[in-house]
Amino acid sequence: QVGDHLYARPAQRCRGSPRQLLVGHMDTVWPVGTLARMPIREENGVLYGPGVADMKGGLVAIVYALRALHELRLTPSVEPVVFVNTDEEIGSPDSSRVLRLLARGAERAFVLESGEGATGHLKIARKGLGRFTVTAHGRSSHAGADFEAGISAILELSHQVQRLFALNDPARGVTVNVGTIDGGLRPNVVAPAASAVVDVRAPTAVAARSLEQAVRGLRPELEGATIEVEGGCGRPPMEPLPANRALLAAAVRLGRDLGLTIEDAGLVGGGSDANTTSLFTATLDGLGPIGEGSHAIDERVDVERMPERVALLALLLLEPPFGEPG
């Protein structure tokens, strides 16, 4: 356990009737009023608009996959449970508790984020995410009359920013970014406080623990200065565990039956609710639409390829539980 966040091997599933979890979300990064300057439009089989890929297209896939099974009178051997939350874009702070409870009792979980890139590859590994605020405390003084009596928090923070960037290890999939800095009172005052907001990402629970310890272990450089660290790693990594690989293999097999080439997207930098469900059950992410530009002004989905994504999801829902003959 690190702080308030648990990094654990997949827990044993709760006893009872097996279920399969379909996870989507309704929230978006786009503010109210976006449609006025970024209206929904369709051009040459591509739908453009805020949130169409991330992740209204995934919700559409859930609805049509379940509708197809209903109309074809096909009953999944594992009961589908649909979970749609409204706070995924800010890390699922309220919904994650319910999501964990559902994932504990699930045979498997399908997360309807869009597929990776123009090819729509599926995801079984995502980096864990953390957010920290590092604050340097110094001592204020008049920058002209009493400069040497002061301890510049801005100077102290500059040392810490360099140490934070030195934690980057791209070869291991570890990234640390100081995204914003703030501090000081006015130009003629030695700054008494300055802070930096830091984004960290790591591919494994071990790397996340090490990274969190490194950030919390920052020590002041200037005599008399102090360092305060708040925050932590709030979204654990989704690791390519054997259960996730088995679910991907099933998707590859079913995709082949549909004439599709399904591939592993590899390690993905962004997080999703799959990071949470993967702690407790086999998880496959990226089953939503094929699209690009999430969070960008050209966000879009390939409408003409939606039927194949719906068909793949429907077939996955018909798969028997692990350990039972197909």
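Within the 4.5 Å cutoff, the side chain of L69 has no heavy atoms near those of the T75 side chain. Between L21 and F110, the closest side-chain pair of non-hydrogen atoms is not below 4.5 Å. Annotation: side chain of S195 is not in contact with side chain of V134 (no heavy-atom distance under 4.5 Å). E230 is not listed as a side-chain neighbour of F132, based on a closest heavy-atom distance of 4.5 Å or more.
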With side-chain contact (heavy atoms from CB on, under 4.5 Å) as the test, would you mind laying out the steps for V23 and V84 before giving the verdict?
-> CA-CA 6 Å; V23 182; V84 181; over 6 Å; no

Would V215 and L167 satisfy side-chain contact (heavy atoms from CB on, under 4.5 Å), going step by step from the backbone distance to the final call?
-> CA-CA 9 Å; V215 175; L167 297 174; 4.2 Å; yes

Take D273 and S92 through the side chain to side chain donor-acceptor pair (under 3.5 Å) test and state the conclusion after the steps.
-> CA-CA 8 Å; D273 284 328; S92 303; 2.7 Å; yes

Show your reasoning for whether side-chain contact (heavy atoms from CB on, under 4.5 Å) applies to D54 and E89.
-> CA-CA 9 Å; D54 189 20; E89 293 290 1; 2.9 Å; yes

List the steps, then state whether side-chain contact (heavy atoms from CB on, under 4.5 Å) holds for L164 with L218.
-> CA-CA 9 Å; L164 287 163; L218 292 173; 3.9 Å; yes

Donor-acceptor pairs under 3.5 angstrom involving side-chain atoms of residues 181-191: please list them, not counting sequence neighbours.
none

Side-chain donor-acceptor distances from residues 245-256 under 3.5 Å, at least two apart:
residue, atom, partner, partner atom, Å
R245, NE, P240, O, 3.2
R253, NH2, E319, OE1, 2.6

Please output the side-chain donor-acceptor pairs of residues 112-130 that fall under 3.5 Å, not counting sequence neighbours, one pair per line with the distance.
residue, atom, partner, partner atom, Å
T119, OG1, H121, NE2, 3.2
K123, NZ, S114, O, 2.8
R126, NE, S272, OG, 3.2
R126, NE, D285, OD2, 2.6
R126, NH1, G270, O, 2.6
R126, NH2, D285, OD2, 3.0
K127, NZ, G173, O, 3.1

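For R73, the side chain to side chain contact (heavy atoms under 4.5 Å, CB included) criterion is met by no residue, not counting sequence neighbours. For the salt bridge (charged side-chain N to carboxylate O under 4.0 Å, His left out) test, residues two or more places apart in sequence or in another chain that qualify with E292 are R300. With sequence neighbours excluded, no residue satisfies side-chain hydrogen bond (donor to acceptor under 3.5 Å, both in side chains) with T276. For H142, there are no side-chain hydrogen bond (donor to acceptor under 3.5 Å, both in side chains) partners at least two apart in sequence or on another chain. Residues meeting the salt bridge (charged side-chain N to carboxylate O under 4.0 Å, His left out) test with E221, sequence neighbours left out: R163. Here A207 pairs with R172, V174, A202, P203, T204 under the side chain to side chain contact (heavy atoms under 4.5 Å, CB included) rule; sequence neighbours left out.
With Q160 contributing its side chain and R219 its backbone, the two residues share a donor-acceptor pair below 3.5 Å. D27 places a side-chain N or O within donor-acceptor distance of the main-chain N or O of E88, the cut-off being under 3.5 Å. Checking side-chain atoms of R309 against main-chain N and O of G288 turns up a donor-acceptor pair under 3.5 Å. Not a single donor-acceptor pair under 3.5 Å links the side chain of E228 to the backbone N or O of A136. Looking only at distances, no side-chain donor or acceptor of D199 sits under 3.5 Å from a matching main-chain atom of N177. Not one N or O on the side chain of S278 forms a donor-acceptor pair closer than 3.5 Å with the backbone of M238.
Linking Ile, Leu, Val, Met, Phe, Trp and Tyr residues whenever their side-chain heavy atoms come within less than 4.5 Å leaves L72 and Y64 in two separate clusters.
Chaining together hydrophobic side chains whose heavy atoms lie under 4.5 Å apart places I151 alongside L155, L222. Grouping Ile, Leu, Val, Met, Phe, Trp and Tyr by side-chain contacts under 4.5 Å, direct or through others, leaves V197 on its own.
Rounding to the nearest 0.5 angstrom, the gap separating the OG1 atom in T283 from the CG atom in L241 is 9.0 Å. For the atom pair OG of S141 and CG of D146, the computed distance is 5.5 Å after rounding to the nearest 0.5 Å.
Residue A153 comes nearest to A194 through the heavy atom pair CB-N, 3.6 Å, listed as atom of the first residue, atom of the second, then distance. Pairing each heavy atom of V78 with each of E107, the nearest pair is CG1-CB, 4.1 Å. The nearest pair of heavy atoms linking P289 to M306 is CB-SD, 3.4 Å. Minimum interatomic distance between E156 and P220 (heavy atoms only, all atoms of both residues): OE2-CA, 3.3 Å. The minimum heavy-atom distance between I262 and L312, with the atom names listed, is CD1-CD2, 3.9 Å. Across L35 and P50, no two heavy atoms sit closer than the pair CD2-CG, 3.8 Å.
Within 6.0 Å of CZ on F165 lie more than 12 heavy atoms contributed by other residues, nucleotides or ligands. Within a 6.0 Å sphere centred on CG of L258, other residues, nucleotides and ligands contribute more than 12 heavy atoms.
Between E212 and R209, none of the side-chain N atoms (NZ, or NE/NH1/NH2) sits under 4.0 Å from a carboxylate O, so this pair counts as no salt bridge.
Among pairs with a residue in residues 32-53, those fulfilling side chain to side chain donor-acceptor pair (under 3.5 Å) read R41-E43, at least two apart in sequence or across chains.
Checking N85 against S95 by side-chain atom types alone, a donor-acceptor pair falls below 3.5 Å.
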